[in-house]
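A short write-up of the structure that comes next.
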Amino acid sequence: AQSVTQLDSHVSVSEGTPVLLRCNYSSSYSPSLFWYVQHPNKGLQLLLKYTSAATLVKGINGFEAEFKKSETSFHLTKPSAHMSDAAEYFCVVSGGYGGATNKLIFGTGTLLAVQP
Amino acid sequence: GAVVSQHPSRVICKSGTSVKIECRSLDFQATTMFWYRQFPKKSLMLMATSNEGSKATYEQGVEKDKFLINHASLTLSTLTVTSAHPEDSSFYICSATDRKNTEAFFGQGTRLTVV
């Protein structure tokens with residue numbers, strides 16, 4: 001079975017400083033992994049996805065994530081936080097095979113606060 | 001990317017009434033649609049998976065008679081909350097995948113409040 005664990009429920013950074021949101025996954029086969037962002041009372045927007053190609057994945061708005069099989073991690077990073085980055089972030093693993101998205105399994109989310 | 005439109009974005013209804021939420025794929029054919037429920041300050045919980053023209057597959061613990069899902073066409077799925085109660089108040093989100101099935105596109109969500 002697949003699962004994801006987001007290690008921090010809340011992260012607070014200052015504007016202009018780096019962002020690190022941690023995610024560990026568990027999967028019995030090569031997983032597809034995603035990061036989604038959700039602004040208050042909004043739907044989800046895909047930031048980036050890993051589907052067994054390059055291990056360093058670049059997404060929108062300057063975010064990137066690195067797939068590390070040895071550590072079963074898929075941490076999300078951004079070099080410099082912006083006020084507009086304040087939102088809830090979800091690490092997600094696909095329950096399907098390969099790149100399929102038959103069932104998405106969500107982590108519990110990390111609320112990112114950006115201080116001026 | 002592909003667009004999924006969910007309607008209404010916000011609805012308030014009286015206890016005992018039914019509410020229908022629509023999820024439409026605007027520029028692609030959605031072979032599979034998913035319905036999620038999100039409790040305050042919580043993650044998304046998958047309620048059911050629906051494939052066009054067939055019955056929805058419900059996750060364990062989700063009452064199929066309470067949450068009726070219809071996926072009658074390749075661009076529309078509906079979720080009807082029947083005989084709603086205050087505990088059904090939540091944020092409901094749909095997502096859809098196309099035939100390539102490599103990415104899920106999410107609707108904007110529906111905030112349901114049952115009073």
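Everything numeric in this text was worked out from a predicted model, so none of it was measured. These values consider heavy atoms only, across backbone and side chains, with no hydrogens, waters or symmetry-generated copies. So that the names make sense, note that chain A is the first sequence line, chain B the second, and so on, each numbered from 1.
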Do B:Val62 and B:Leu46 sit in the same hydrophobic cluster, where Ile, Leu, Val, Met, Phe, Trp and Tyr count as joined when their side-chain heavy atoms come under 4.5 Å apart?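 In one cluster: no.
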Within residues 81-96 of chain B, the residues sitting under 4.5 Å from chain A by heavy atom, in sequence order, are B:Phe91, B:Ile93
Check for me whether the distance between the ring centres of A:Tyr25 and A:Phe74 falls short of 6.0 Å.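 No, ring centres 6.0 Å or more apart.
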Assess the side chains of A:Gln38 and B:Gln38: does a donor N or O sit below 3.5 Å from an acceptor N or O?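 Distance-only check passes for A:Gln38 and B:Gln38.
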Listed partners of A:Glu64 passing salt bridge (Lys or Arg N to Asp or Glu O under 4.0 Å), at least two apart: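 A:Glu64: salt bridge (Lys or Arg N to Asp or Glu O under 4.0 Å) contacts with A:Lys58.
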Could you tell me which non-hydrogen atom of A:Asn24 sits nearest to which non-hydrogen atom of A:Glu71, and how far apart they are?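 Taking every non-hydrogen atom into account, ND2-O, 3.2 Å.
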Closest non-hydrogen atoms of B:Val4 and B:Gln108, given as atom of the first, atom of the second and distance, are O-OE1, 3.5 Å
Suppose a student defines contact as a heavy atom less than 4.5 Å from any heavy atom of chain B. Which residues in residues 107-116 of chain A would they list? A:Gly107, A:Thr108
Do the numbers put A:Lys49 on top of the ring of A:Phe34, so that NZ or CZ is under 6.0 Å from the six-membered ring centre and no more than 45° off the axis?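 Verdict for A:Phe34: no cation-pi partner in A:Lys49.
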Of all residues at least two apart in sequence or in a different chain, which pass the ring-ring contact (aromatic ring centres under 6.0 Å, His included) check with B:Tyr58? none
Given a strict heavy-atom distance threshold of 4.5 Å, which part of A:Leu44 is in contact with chain B: side chain, backbone, both, or neither? both
B:His7 atom NE2: more than 12 heavy-atom contacts under 6.0 Å: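 Counting neighbours around NE2 of B:His7, 12 or fewer heavy atoms of other residues, nucleotides or ligands fall under 6.0 Å, so no.
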Has B:Lys66 got more than 12 heavy atoms of other residues, nucleotides or ligands less than 6.0 Å from its NZ?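 Check passes, neighbour count above 12.
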Please identify, among B:Gly107, B:Ser43, B:Ser9, the residue contributing the most non-hydrogen atom pairs under 4.5 Å to chain A.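 Maximum pair count with chain A is reached by B:Ser43.
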